[in-house]
There are 2 protein chains.
Amino acid sequence: MASPEARVEPLMGQFHEYLSRKQLKSTKQRDLIARAFFAQDGHVSIDDLLGLVREDNSRIGYATVYRTLKLLTECGLAAARQFGDGQRIYEVAGDTAHHDHLICIECQHVLEFENEDIERLQDQVARSFGFNLVRHKLELYGLCPKARGIKGGSCPREAEEKS
Amino acid sequence: MASPEARVEPLMGQFHEYLSRKQLKSTKQRDLIARAFFAQDGHVSIDDLLGLVREDNSRIGYATVYRTLKLLTECGLAAARQFGDGQRIYEVAGDTAHHDHLICIECQHVLEFENEDIERLQDQVARSFGFNLVRHKLELYGLCPKARGIKGGSCPREAEEKS
DNA sequence: TTGGTTGCAAAAACTTTGCACGGTG
DNA sequence: CACCGTGCAAAGTTTTTGCAACCAA
């Protein structure tokens with residue numbers, strides 16, 4: 001997967017595209033917040049993000065961060081999460097928009113895949129409920145060949161680490 | 001999957017076991033709340049749950065519901081979850097494996113669905129990578145009929161609130 | 001110019017906590 | 001009986017909203 005730095009620009013592009021499609025405006029604040037968000041590797045809380053953007057512009061307030069994150073969520077570039085009883089956090093979801101994940105529960109390796117048939121069915125399901133599908137998240141958890149004990153089966157993680 | 005009714009007793013058993021292991025007490029309120037929670041099919045918000053238990057005992061307050069749900073989370077019988085920007089909701093642990101979610105990004109309503117074709121394809125995909133599929137998580141995000149501006153289109157959330 | 005946008009502060013929503021009383025072990 | 005749990009209300013947190021000034025298109 002792309003490193004955090006490398007993905008920032010493409011994601012900014014998607015964000016701007018969404019803004020103009022919706023006739024919304026690009027502003028310094030939105031850009032600053034979105035950029036800081038995309039550059040994060042893992043999960044960010046509102047406070048984290050506010051702290052980051054205030055390094056650049058100390059006058060930014062919570063409201064703008066909340067509003068921008070809401071926009072990012074609407075266009076599928078961010079996803080709200082909550083682990084346990086902790087506070088709400090956001091994660092970059094842009095890279096999950098067009099491919100899905102296959103995760104080995106043994107070695108934790110994550111493979112990405114795409115499958116048109118599944119996407120088509122997802123669309124059908126959404127339509128059958130009267131919904132217009134915007135994005136999706138699909139995660140498959142299973143055992144990789146090695147973990148299954150297949151002789152010669154390789155663990156995708158090990159195979160990759162050699163490179 | 002076990003029907004909601006069928007699983008209540010075993011889960012109550014686990015809960016009581018946890019309580020006694022931790023030297024905590026069983027009380028009418030805890031039982032009432034836990035039972036109502038386990039009997040739910042999908043997701044429950046604190047408010048839903050409070051409403052349910054108040055049918056039986058109108059003097060129960062938020063605090064007790066929060067405290068009980070915290071206990072249930074600690075012992076792994078409940079999981080806090082958050083879809084989009086909506087409020088925190090809880091679901092019965094282990095209940096996520098067998099249905100998927102369709103979420104409106106406008107009104108935050110969550111519908112559950114099952115689709116055998118999708119599941120079959122997921123299995124195929126996993127197999128094509130040499131994986132043995134154990135479980136999955138699929139979330140579809142879109143706009144409900146009303147949010148799409150369809151005249152007469154109803155928001156699932158509103159439709160539900162009438163009942 | 002015409003809206004959408006921002007920052008601030010106030011309001012609302014959501015959770016947690018302190019305390020006196022009540023109930024379980 | 002000792003102590004944990006409960007309900008209530010108050011306190012804390014987190015998130016949203018109203019509004020006048022501002023800024024991008």
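Note that the structure is a prediction, hence the values are computed from the model and not measured. Sequence lines set the chain letters: A, B, ... in the order given, protein chains first and strands last, and positions in each chain run from 1.
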Show me the pairs that pass side chain to side chain donor-acceptor pair (under 3.5 Å) and involve residues 53-65 of chain A, at least two apart or across chains.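 Pairs touching residues 53-65 of chain A that pass the test: A:Asp47-A:Tyr62.
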Is a side-chain donor-acceptor pair under 3.5 Å present for [Y] with [X]?
| X | Y | value |
| --- | --- | --- |
| B:Gln122 | B:His136 | yes |
| B:Tyr90 | B:Gln40 | no |
| B:Glu91 | B:His43 | yes |

OP1 or OP2 of D:dT16 versus the side-chain N and O atoms of A:Tyr66: is any pair under 4.0 Å?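 A:Tyr66 to D:dT16 OP1/OP2: no side-chain N or O under 4.0 Å.
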Rounding to a whole Å, what distance do you find between [X]:[atom1] and [N]:[atom2]?
| X | N | atom1 | atom2 | result |
| --- | --- | --- | --- | --- |
| A:Glu74 | D:dT16 | CD | P | 11 Å |
| A:Ile89 | D:dT15 | CD1 | P | 12 Å |
| A:Lys70 | D:dT14 | NZ | C1' | 13 Å |
| B:His16 | C:dG25 | NE2 | C1' | 14 Å |

Check side-chain contact (heavy atoms from CB on, under 4.5 Å) between B:Asp48 and all other residues, then give those that pass, not counting sequence neighbours.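 B:Asp48 satisfies side-chain contact (heavy atoms from CB on, under 4.5 Å) with B:Val44, B:Ser45 once adjacent residues are dropped.
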Among residues at least two apart in sequence or on other chains, which ones pass side-chain contact (heavy atoms from CB on, under 4.5 Å) with B:Gln124?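 Partners of B:Gln124 by the side-chain contact (heavy atoms from CB on, under 4.5 Å) criterion, ordered by chain and then number, come out as B:Arg120, B:Leu121, B:Arg127.
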Measure from the side-chain N and O atoms of A:Ser20 to the backbone N and O of A:Glu17, and report whether any donor-acceptor pair falls under 3.5 Å.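 The answer is yes, because a donor-acceptor pair under 3.5 Å joins these two groups.
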Using five pairs at each end of the helix from C:dT1-D:dA25 to C:dG25-D:dC1 to define an axis, what is the angle between those two axes, to 10°?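 Inter-axis angle at the termini of the helix from C:dT1-D:dA25 to C:dG25-D:dC1: 50°.
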May I have the list of side-chain donor-acceptor pairs in residues 24-35 of chain B shorter than 3.5 Å, sequence neighbours left out?
residue	atom	partner	partner atom	Å
B:Thr27	OG1	B:Arg30	N	3.1
B:Arg30	NH1	B:Lys25	O	2.7
B:Asp31	OD1	B:His16	NE2	2.9
B:Asp31	OD2	B:His16	NE2	3.4
B:Arg35	NH1	B:Glu9	OE2	2.5

In the 5'-to-3' direction, what one-character label does each nucleotide of nucleotides 4-10 of chain C receive under the scheme B = base within less than 4.0 Å of a protein heavy atom, S = sugar-phosphate only, - = no such atom? SSBBB--
